[in-house]
Number of protein chains: 2
Amino acid sequence: MTPPTGRRRGPSKGDRREQAILETARELLARKPLAEITIDELAAGAEISRSSFYFYFDSKLAVVVALLHGLTGELIAGSGPWLDGTGPDEEALRSSLTGLATLWTSHGRLLAGALAAAPGCPPIAEWRATLRDAHVKRLAERIERDRAAGLAPDGPAPAILAGMIDDLRLATLAGTARNGAPSPGDLVDDLVVVELRMLYGDLPIRHSDE
Amino acid sequence: MTPPTGRRRGPSKGDRREQAILETARELLARKPLAEITIDELAAGAEISRSSFYFYFDSKLAVVVALLHGLTGELIAGSGPWLDGTGPDEEALRSSLTGLATLWTSHGRLLAGALAAAPGCPPIAEWRATLRDAHVKRLAERIERDRAAGLAPDGPAPAILAGMIDDLRLATLAGTARNGAPSPGDLVDDLVVVELRMLYGDLPIRHSDE
DNA sequence: GAGCAGAGTCGACACGGTGTCGACTTTGTC
DNA sequence: GACAAAGTCGACACCGTGTCGACTCTGCTC
């Protein structure tokens with residue numbers, strides 16, 4: 001109860017340092033890939049020695065995990081209308097994808113680096129798996145609903161198809177992060193078309209048995 | 001002109017060692033991920049010292065590149081009928097995918113490791129890009145042909161769509177390499193359906209404008 | 001204010017993997 | 001037998017990681 005201003009118990013020195021490390025990581029990730037960032041740099045950015053870094057985080061990857069968890073909310077936000085709806089609702093799908101794409105343009109390096117480090121770093125792999133499973137589960141349920149209602153054709157098991165869609169999104173987004181993005185808007189449009197086809201595109205031409 | 005047997009100039013000691021390194025790499029990759037393999041192990045497997053290793057290869061990644069180039073042929077083999085054909089030729093597509101899937105079951109660790117190391121290792125990135133471009137180019141041409149012939153609906157630019165299909169294959173295959181494969185055959189079947197939909201699946205339901 | 005605990009800091013160290021260098025031995029040739 | 005090229009290796013320098021123990025600083029209680 002002895003705060004300088006009215007705020008109770010301002011952030012301790014340690015809290016601020018921790019934030020500084022996180023902030024430094026964000027800045028560095030905007031400039032270069034995760035693999036090229038060293039703990040020295042992280043520590044220097046927060047104006048502490050390298051050994052002090054370990055007081056706050058166990059490793060570089062632990063910083064990444066913290067950053068990642070901060071993104072979880074944004075990653076699933078905006079997909080509700082699409083995932084909870086039914087039928088080929090193009091607009092809902094587009095807005096879900098637009099949100100995702102925007103996030104990738106600002107945090108591509110973090111996401112790409114994390115994904116690359118996932119095998120060999122259980123916490124990251126787990127984070128990814130959780131997120132993937134959540135998306136796949138909801139999308140698979142949507143597929144089942146649509147199929148039961150006769151809105152979507154039969155096809156691969158819902159969970160498999162949903163997984164493929166999740167994979168495709170990631171791969172496509174990761175690809176644009178690597179190369180220059182071929183205009184984010186167009187890419188979303190294309191993804192919308194492709195995902196709708198994967199879900200609803202029945203084959204018009206069945207090869208006649210001779 | 002002084003060969004031991006009738007063969008002219010049998011493989012030199014160095015050639016054999018080089019092969020031994022490659023072979024050791026193959027063996028180790030069957031057991032653990034690329035990232036966990038060290039130059040010491042490679043050298044030990046070929047029964048030379050670590051420093052001698054550098055006489056043959058510049059780095060661990062150089063070994064990977066050599067291994068990769070050995071796989072290039074197999075990777076594109078079997079896709080000819082599909083890529084050179086027209087229309088939704090399910091069988092040609094399936095056999096193309098079956099070949100790919102088989103190769104991934106035997107060389108998954110190598111491919112997965114290489115792909116993970118690609119950013120940050122120009123030679124590997126280049127190898128991947130070449131292979132991808134080749135596939136995308138032929139597939140894009142196929143798409144154009146089909147569209148011109150009225151066999152496939154309009155949609156994303158052929159090169160983009162082809163790229164997405166390539167990405168999807170890779171992501172799906174890589175996924176099974178990570179987790180236990182959910183039966184390779186089923187996966188190929190599912191990929192066949194999904195790829196055909198991406199290419200030929202026109203949307204039956206167009207939302208009526210109100 | 002003395003004393004104390006816990007938060008925070010840091011230099012020094014050990015380790016593991018990489019890559020280089022120079023000296024050495026082996027192999028084949030004229 | 002001389003010579004060069006091929007092949008081999010130990011020693012070294014480097015870099016990034018993670019640990020340890022000693023130190024200081026901060027805020028609290030008596």
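A note on names: the letters A, B, ... follow the listed sequences, proteins ahead of strands, and every chain is numbered from 1.
- We find that CD of B:Glu18 is positioned 12 Å from P of D:dT8, with the value rounded to whole Å.
- Distance B:Phe55 CZ to D:dG7 P: 4 Å, rounded to the nearest Å.
- Smallest separation of non-hydrogen atoms from B:Gly87 and B:Asp146: N-OD1, 2.9 Å.
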Whether each nucleotide of nucleotides 17-25 of chain D has a protein heavy atom under 4.0 Å at its base (B), only at its sugar-phosphate (S) or at neither (-) is summarised, 5' to 3', as BBB------
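- For DNA chain C, no neighbouring residue in residues 20-29 of chain A is found when judged by any heavy atom under 4.0 Å.
- With a 6.0 Å radius and a threshold of 12 heavy atoms from other residues, nucleotides or ligands, A:Glu23 has its CD atom above the threshold.
- The CZ atom of A:Arg16 sits 12 Å away from the C1' atom of D:dT26 (whole-angstrom rounding).
- Rounded to an integer number of Å, the gap from CD1 of A:Ile48 to C1' of C:dG11 is 15 Å.
- Nearest heavy-atom pair, A:Ser96 versus A:Ser79, reported as atom, atom and distance to 0.1 Å: OG-OG, 3.0 Å.
- Atom CG in B:Leu61 sits roughly 14 Å away from atom C1' in C:dG17 (whole-Å rounding).
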- Item | Steps toward salt bridge (charged side-chain N to carboxylate O under 4.0 Å, His left out) verdict (B:Glu91, B:Arg94) | CA-CA 5 Å; B:Glu91 278 321 309; B:Arg94 170 170 289 109; 3.1 Å; yes
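- Electrostatic pairing of B:Arg145 and B:Glu141 does not count as a salt bridge here, judged by no charged N lying under 4.0 Å from a carboxylate O.
- The residue B:Phe57 sits apart from the nucleic acid: no heavy atom pair falls under 4.0 Å.
- Here the closest heavy-atom approach between residue B:Ala25 and residue B:Leu67 is recorded as CB-CD2, 3.7 Å.
- Close to C:dC10, at under 4.0 Å from its OP1 or OP2, lies a side-chain N or O of A:Ser52.
- A side-chain donor-acceptor contact under 3.5 Å links A:Thr24 to the backbone of A:Ala20.
- Residues passing the salt bridge (charged side-chain N to carboxylate O under 4.0 Å, His left out) test with A:Glu41, sequence neighbours excluded: A:Lys32.
- Atom-to-atom, CD of B:Glu41 to P of C:dT18 comes out at 9 Å; the value is rounded to the nearest Å.
- Note on B:Tyr56: every side-chain N or O is 4.0 Å or more away from OP1 and OP2 of D:dA6.
- The cationic atom of B:Arg142 (NZ for Lys, CZ for Arg) lies less than 6.0 Å from the six-membered ring centre of B:Trp82 and within 45° of the ring axis.
- Between the CZ atom of B:Arg17 and the C1' atom of D:dA5 there is a distance of 17 Å, given to the nearest Å.
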